[in-house]
Amino acid sequence: MQQGSNEFLEWLRSVERKWQKLWRESHVFEPEPDPAKPKFFITVPYPYTNAPLHIGHGRTYTIGDIIARYKRLRGYNVLFPMAFHITGTPIVAISEMISRGDKKVIARYESYVRMYLSDEEKVKETLESFKDPLKLAEFFAENVHVDFDALGYSIDWRRKFHTGEPLYNKFVEWQYLKLWEKGLLTRGSHYVTYCLLHKQPEGEDDIEDADVNPVEIVEYTGVKFRLVDGGDVLLAATLRPETLYGATNLWVNPEAKYVRFKMGQEVYITSEKAFVKLKHQYPELEFEVLEELPGSGLLGRKARSPLGQELVVLPAWFVDPDLGTGVVYSEPSDAPYDYVALNDLKKDKSLLSRYGLDPSLVDSISPIKIIDVPGVEGHYAQLVVESMGIKDQYDERLEEATSIVYKEEFYKGRMLVKDPLVEGKPVREAREIVKQLLIGRGDAIRFLELNRKARCRAGGEIIVAKIVDQWFLDYTSESLKKTLLDYIENRLVVKPEKYKKAFVDAINWLEKRPCARKRGIGTRLPFDEEWIIESLSDSTIYMAFYTIVHKLRQAGVKPENLRPEFFDYVFLGQGERERVAAETGLRPELLDELRREFEYWYPVDLRHTSTPHISNHLSFYLIHHAVIFPEKYWPRAITLNEPVIREGAKMSKSKGNVINLRDIAEKYSSDLFRLYIAWAASLDTVLDWREKDVSATADLLQKFTRLALDLIEGRCVDVGEDVLSRWFKSRFYRLVKAGEEAVEAYQIRDYVQNVFFNVLNLIDRYRDMRGFLPCDVKYVLQDWLKVLNPVIPHLTEELWSRMGGSGFLSTSSWPSGYEAYFDDAAEALINEVERVVEDVKNILGAVGRKPREVYVIVASQWKRRVLELAMKGLELRDVIREVSSTVGAGKERLVSEVYRAWKSGQLDKEVVRVDHSLELDTLRRLSEYIGRKTGAVVRVVGEEEALSMGLSKAEKALPGKPGLFVLFES
């Protein structure tokens, strides 16, 4: 098959389409309960269908499919289902933007539709239909289905559904009735991530990039600085209230917009952005805007701190009006931004005079040392700024400098101030003391901010807001947490294991979570239909629905039949069959059939997903199962992978570096993608998609194909059974075993490395030793195809078929009984040959002369007798006595050398068990190979023959460690 890479991939894509069609027509991946077979139920997250999926998603789904296919070959009855997630606000938001004529969104979605449709009329019709959010969701669901098929996923599509379906709504209603019954639902006021555009709480699924860059609520202390001329409060938000002791001045951004407003009984001044945030965080207070003013209007005014310092307001352009309150108090000893901003004013006095300020204002302002860090003399901020060469407040490295100072002071710093409340205390203790003191005295308020700026998927700004009468899932129960932590630590399998701690931390951290909103697609709360269940909260136990949804459709079950009693009976075994049948209008036999389906498949044996889901979806998944189901139905294992980047950079639409799954089937190939994505990184490592590595993998895949076809079509040389063939089979099956052990431990990269790359290298090594492609490689080809099938299923099916294999390789069986091929002696002998090659190369390299002949001297048989006795535990003197009685006297020195070589661990114990004649024969058979590798004529002789030839140091030969004698050209 002499094709170039492009021709090969084109051929491979045709093979993939062929086998996907055959699998589909034969319903290969549609399992039924079979009590005679062990079951394996694996799920991956159902995709959110608001756009095409990319290769980051593809990594997760491909790993899941590899595991499903492996388990199928291991004899398990495997269920690998799929559905589509459409609930929440993102789909509605996109639909609304298209309806409003948003040109940017319309252009983007036109490009998405063209991935799947070539007829421009159809493209326009489809885009017009997206004004109905359900049509948008269903279009992408249908095409994600197509993309998944194109990647060869072994999914049971009979069980598909989407989360806006009435049947599914009834299932979610039942879940919430159970959570209500178990006391997990509550109503009250709580701080949430909130969208200013949609005027409602937004969860992780609704916030742009929150799945890979989590959004968290951070508590600031809003310190009140009262203006000397009037008493208005300049509210300065800080994460470090203990640094108030070192405050030297206040900063505002002279170019930002500020608001003077009444909040409750006091008048405050903050940035306009902060005013909006405060209104949402203190809804119980009355707000009244009194005045809008530029930041420059605050410059030069003085304010008194809660500690009595009188501080002047100065300009600083690093102050972000959208972070905190837009007012910052300056503590230049321990804050790099403050230190640099102060120096900027001192170096360029025009920065002050342009606002009518006296330049001498800053001459008397100097840092005040209030924190001691061991080993740091002077002001820590100054030391770090100067060591990093930071010149002004616009230097991006100030973030890094700030992180260094804050971290060191938090963990190592102690307070130097004379206030008995905090003097000598660690910074982390002083922080809480000062915060509580200020808030308790009314000198500060809590101000909540996000850890990063965030927007919803429709572009709405996300802030922190306090919602009144919001519905919450209450995860604060100590007994529930204790139960879950015990389960996670002692019974739940988490791979890679290092992520188990993240689960423990997430459960400990979870408190109350808003679970409903008043807008979007989804299921209405059954006891308060004004509210719609939030999109993460409705997708926690949906795996149970997979077990019965296809049967519901077959039986024509209507949503009104699915009363809570139905789910109680099917999923929990509660209620009397006849009564439930009467209440639901369903046949008793159907109820029993559904119950059997659920009981056979549940629990989920493996949930595979990506690491960002630990703190949200996966935690809810565990909690809701623990609350609703008996422990025998709780999840058994969770595996995780890190995300994918491209050429060292995060993939994003703005960078134009996203590779969609649609691109894989058209520009690469499914099996190439699967092979690369499984091998390029371990699960706990970010995978960097690099085109040169993908291309190199394609070359190896083509090499594998040519090799297999050569073997199948007889373009190889028949050889008999010998040490070399036994060595090859032994090494091959050891790699199969290593691959099997790796995939059993969910170490997917190691599995692929062993069964594909290492086997290819083994065959190259074998061909090199033989000097040609031996046909006995074909002996292991069927097993090689089997162990590769989970990774490259299409190509292996094709090759299996060409070999005359019956049925589908995908439903055959994993190799078994292969330990019978393990041959320690053969492996030890070939390893000895390789050592001889290296030893000869080292000698020639050291001498630097061209060899004429190399004699390889194999130790006498009697030396093995020395080792046999040593292995039995005999002392040296006894060994000498025993050997001398058979080989004669005069060998004492040589016996001692052999004995000591064994005791010092120099010899391969497997080789020394091999008969002298077999060692001699193996080296002679491979002498031509040794010669090719070393550039010398190689002669293999026994020790006695070498002695008769007068070869020096012949007696130094040891079993498994031949002597070497080199004749050089004159």
How are the rings of His624 and Tyr176 set to each other: parallel, tilted or perpendicular (split at 30° and 60°)? perpendicular

Arg452 and Glu216 ion-paired at < 4.0 Å: no

On the six-membered ring of Tyr621, is Arg607 placed so that its NZ or CZ lies under 6.0 angstrom from the centre and within 45° of the ring axis? yes

Hey, are Lys482 and Asp486 close enough for a salt bridge, meaning a charged N less than 4.0 Å from a carboxylate O? no

If you apply the rule side-chain hydrogen bond (donor to acceptor under 3.5 Å, both in side chains), what do you find for Gln175 with Thr540, and how did you get there? CA-CA 9 Å; Gln175 177 193 188; Thr540 56; 2.6 Å; yes

Side-chain donor-acceptor pair present, His608, Asn641, cut-off under 3.5 Å: yes

Would you verify whether the NZ or CZ of Lys729 falls within 45 degrees of the ring axis of Tyr821 while also being under 6.0 Å from that six-membered ring's centre? no

Quick check: do Lys632 and Pro603 have side-chain heavy atoms less than 4.5 Å from each other? no

When you measure from the centre of the six-membered ring of Tyr746, is the NZ or CZ of Lys495 closer than 6.0 Å and no more than 45° off the axis? no

Derivation and outcome, salt bridge (charged side-chain N to carboxylate O under 4.0 Å, His left out), residues Arg59 and Glu642: CA-CA 9 Å; Arg59 183 183 192 191; Glu642 291 286 348; over 6 Å; no

Salt bridge flag under 4.0 Å for residues Lys178 and Glu181: yes

Below 4.5 Å, heavy atoms only, C-beta onward: do Leu618 and Leu640 meet side chain to side chain? yes

Heavy-atom check, side chain of Ile42 versus side chain of Val604, under 4.5 Å: no

Does the pair Gln753 and Asn758 meet the rule for a side-chain hydrogen bond (donor to acceptor under 3.5 Å, both in side chains), with working shown? CA-CA 6 Å; Gln753 178 68 43; Asn758 290 354; 2.9 Å; yes

The test is side-chain hydrogen bond (donor to acceptor under 3.5 Å, both in side chains); show your working for Tyr475 and Ser619 and say whether it passes. CA-CA 10 Å; Tyr475 296 133; Ser619 296; over 6 Å; no

Worked verdict on Glu489 versus Lys500 for salt bridge (charged side-chain N to carboxylate O under 4.0 Å, His left out): CA-CA 8 Å; Glu489 290 172 341; Lys500 184 167 277 199; over 6 Å; no

With a 6.0 Å cut-off on ring centres, are Phe84 and Phe161 close enough? no

Mind checking the CE-OH spacing from Met543 to Tyr46? Nearest 0.5 Å is all I need. 7.0 Å

Glu30 and Trp157 side chains, donor-acceptor separation under 3.5 Å: no

Return yes when atom OH of Tyr76 has more than 12 non-hydrogen atoms of other residues, nucleotides or ligands closer than 6.0 Å, and no otherwise. no

Would you check if Arg72 and Phe29 make a side-chain contact, meaning some heavy-atom pair closer than 4.5 Å? yes

Side chain proximity check, Leu809 to Leu785, heavy atoms < 4.5 angstrom: yes

With no hydrogens and no angle check, do the side chains of His794 and Asp671 hold a donor and an acceptor under 3.5 Å apart? yes

Take atom CD in Glu744; do more than 12 heavy atoms of anything else shown fall under 6.0 Å from it? yes

Test of ring centre spacing under 6.0 Å for Tyr542 and Phe545: no

Looking just at side-chain N and O atoms, do Glu511 and Thr476 make a donor-acceptor pair shorter than 3.5 Å? no

Quick check: Tyr668 with Phe673 (ring centres under 6.0 Å apart)? no

Heavy-atom side-chain contact between Ile628 and Trp174 under 4.5 Å: yes

Thr186 and Asp474: side chain donor to acceptor below 3.5 Å: no

Any side-chain donor near an acceptor of the partner, Gln747 and Ser682, under 3.5 Å: no

Counting distance only, does the side-chain N/O of Asp688 pair as donor-acceptor with the main-chain N or O of Gly648 below 3.5 Å? yes

When you check the gap from the basic side-chain N to the acidic O, do Glu16 and Arg674 get nearer than 4.0 Å? no

Just one of Tyr602, Phe598, Tyr633 clears the ring-ring contact (aromatic ring centres under 6.0 Å, His included) bar with Phe571, so which one? Phe598

pair Phe822-Arg734: side-chain heavy atoms closer than 4.5 Å: yes

State plainly whether the residues Lys498 and Asp684 are in salt-bridge range, i.e. N to O under 4.0 Å. yes

Glu497 atom CD, over 12 foreign heavy atoms within 6.0 Å: no

Heavy-atom side-chain contact between Leu622 and Trp634 under 4.5 Å: no

Is any side-chain N of the basic residue among Arg69 and Asp65 closer than 4.0 Å to the acidic one's carboxylate O? yes

SB check Asp605 Lys39 (cutoff 4.0 Å): yes

Ring center gap for Trp601 and Tyr546 short of 6.0 angstrom: no

Only one of Tyr751, Phe704, Trp784 passes ring-ring contact (aromatic ring centres under 6.0 Å, His included) with Phe756; say which it is. Phe704

Taking NZ, NE, NH1 and NH2 as the nitrogens, is one of them in Asp156 or Arg159 under 4.0 Å from a carboxylate oxygen of the other? yes

Is it the case that Ser730 and Glu827 place a side-chain donor and acceptor less than 3.5 Å from each other? yes

Between Tyr61 and His57, what is the ring plane arrangement, given parallel below 30°, perpendicular above 60°, and tilted in between? parallel

Can you tell me if Trp800 and Gln782 form a side-chain donor-acceptor pair at under 3.5 Å? no

